[in-house]
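Reading through the structure tokens given below for one structure.
Residues: numbered from 1 along the sequence shown.
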Amino acid sequence: MTTLISFLGGGKKGGNYNKTSYKFDDGDIFENEHYFGLVLTKKIKPTRLILLGTSGSMWDVFFEAGLEDFEDAWSELSDAVVSNSVNQKHLAVFEKYLTQQLGIDVNCRLIDYAKQQAGQVSLLHQLDDILSIEEQVVLDVTHGFRHLPMIALVAARYLQVVKKVHIEHIYYGSYIPEQAISEVLELKGLLDMLDWVSALETFDKDGDYAVFAPLLVNEGLDEQSATSLERASYFERMLNASDASTKLRQVMPKLEALSTAGSPLFKLFYAPLAKRLSWYNKSSLGLQEQDLAEKYLKRKDYVRAVIYAMEGLISREASLNKHDVHDYQDRKASYDYLVSSTEEFRTFKEFRNAMVHGTASGNKKIRQIMKDSERLDASLKDRFKRLFK
């Protein structure tokens, strides 16, 4: 089931949209057409058409052929368009008329001019009410007021999140009076850009880069590599930097190659993504863990930050003594040495234990610091700086 949502622009008595021929990317041309929404109805054959317009939109433009039974209603509607007073009662008759003419369900909905936030939010509410969960939707933003495409883009994103609606296409029929053929533009790429922005925002918030996997598959990454990326994220967030870095070493060369041969969209986002994952390139496990500690501290994920910091210090000590950084006994020996020889490490251990176990520290100063997020943040930054030297 595909629903086509189309906007109507302002009207005037006896007015009509200029005729033009619309050409799609696949070469299809629809000649001498007035209204692009009807072109799309022929092109995509939706199961439902939703027409959105204001009390002054050009509603009467549709009602040409087969009007014998609707002439009085059409005249009344045309007058209402001129006086900016179209109401839902005027449109009810023509929902029936258009349904008969097009052979599909047609809904005519009045919307606010959406010049203020209240009207803009109202439009989102209306679309939310009209559409079903996971419905397939095509948006036509050709004929609405100039600011409506911007609102429609926000609405599309809102519906994707709230209703899990699938936006198949966003079309704009680019009419230029001097040209015989009007090019049809596909604008769904704007939503794809927003998906990437949202994924980066999610990653910056919680460090989960598994959100990039489906986006990268869409850009041409193979499923196995996408799974490896998801596994890397899982290992990292489970405090296993060693296995996470192993997976990233498998995936990152493929992402680099994809950034060269792939779409302009991925080229745009590859650099910020690679920068955020650069920790895996550090020369030792200890440096990797310390880098991750600082990254999680920036996210204010204090528990992961202190655990990675502690593990980074232990890994560094084991490495300096030529011990196996993955061996439990070697790591325990390094930990015991740090506890016995370094007061700064012993204090930091109390921070770590208080956070991980959720119990109050016996150290009064630590208890006071942990009651204030700003003091805790500043204290950890200072301790990381001194411990990581």
Side-chain touch [X]/[Y], heavy atoms, less than 4.5 angstrom:
| X | Y | value |
| --- | --- | --- |
| Lys23 | Asp28 | no |
| Arg383 | Glu344 | yes |
| Phe36 | Val184 | yes |
| Leu52 | Leu123 | yes |
| Ser242 | Gln288 | no |
| Glu95 | Gln88 | yes |
| Leu139 | Leu153 | no |
| Ser259 | Phe266 | yes |

Is [X] salt-bridged to [Y], going by a charged N under 4.0 Å from an acidic O?
| X | Y | answer |
| --- | --- | --- |
| Lys43 | Asp26 | yes |
| Asp377 | Lys381 | yes |
| Arg386 | Asp382 | yes |
| Lys163 | Asp128 | yes |

Would you confirm whether [X], through its side chain, and [Y], through its main-chain N or O, come within 3.5 Å as a donor-acceptor pair?
| X | Y | answer |
| --- | --- | --- |
| Ser122 | Ala118 | no |
| Asp330 | Val325 | no |
| Ser182 | Gly173 | no |
| Thr202 | Ser198 | yes |

Problem - side chain to side chain donor-acceptor pair (under 3.5 Å) partners of Glu236, counting only residues at least two apart - result: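 Per chain and number, Glu236 pairs via side chain to side chain donor-acceptor pair (under 3.5 Å) with Tyr209, Trp279, Tyr296.
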
Practice task
Would you kindly check if the NZ (Lys) or CZ (Arg) of Lys115 is within the cone defined by 45 degrees around the ring axis of Tyr113 and under 6.0 Å from the six-membered ring centre?
Solution key: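 Cation-pi check for Lys115 and Tyr113: passes.
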
Handout entry: Partner of Pro46 under side chain to side chain contact (heavy atoms under 4.5 Å, CB included), chosen from Leu40, Ile104, Val138
Key =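 Testing Pro46 for a side chain to side chain contact (heavy atoms under 4.5 Å, CB included) against Leu40, Ile104, Val138 leaves exactly one candidate, Ile104.
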
Problem - Apart from Met238 itself, residues in the same hydrophobic cluster as defined by side-chain heavy atoms under 4.5 Å - result: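 Tyr234, Phe235, listed by chain and number.
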
Practice task
Count the heavy atoms of every other residue, nucleotide or ligand shown that sit under 6.0 Å from NZ of Lys282, and state whether that count exceeds 12.
Solution key: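 Count not over threshold, so no.
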
Exercise for the section: For a salt bridge (Lys or Arg N to Asp or Glu O under 4.0 Å) with Asp204, tell me which candidate from Arg276, Lys295, Arg299 qualifies. Expected result: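 Filter result, single survivor: Arg276.
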
Are [Y] and [X] an aromatic pair, judged by ring center distance below 6.0 Å?
| X | Y | answer |
| --- | --- | --- |
| Tyr171 | Phe24 | yes |
| Trp196 | Phe212 | yes |
| Tyr35 | His143 | yes |

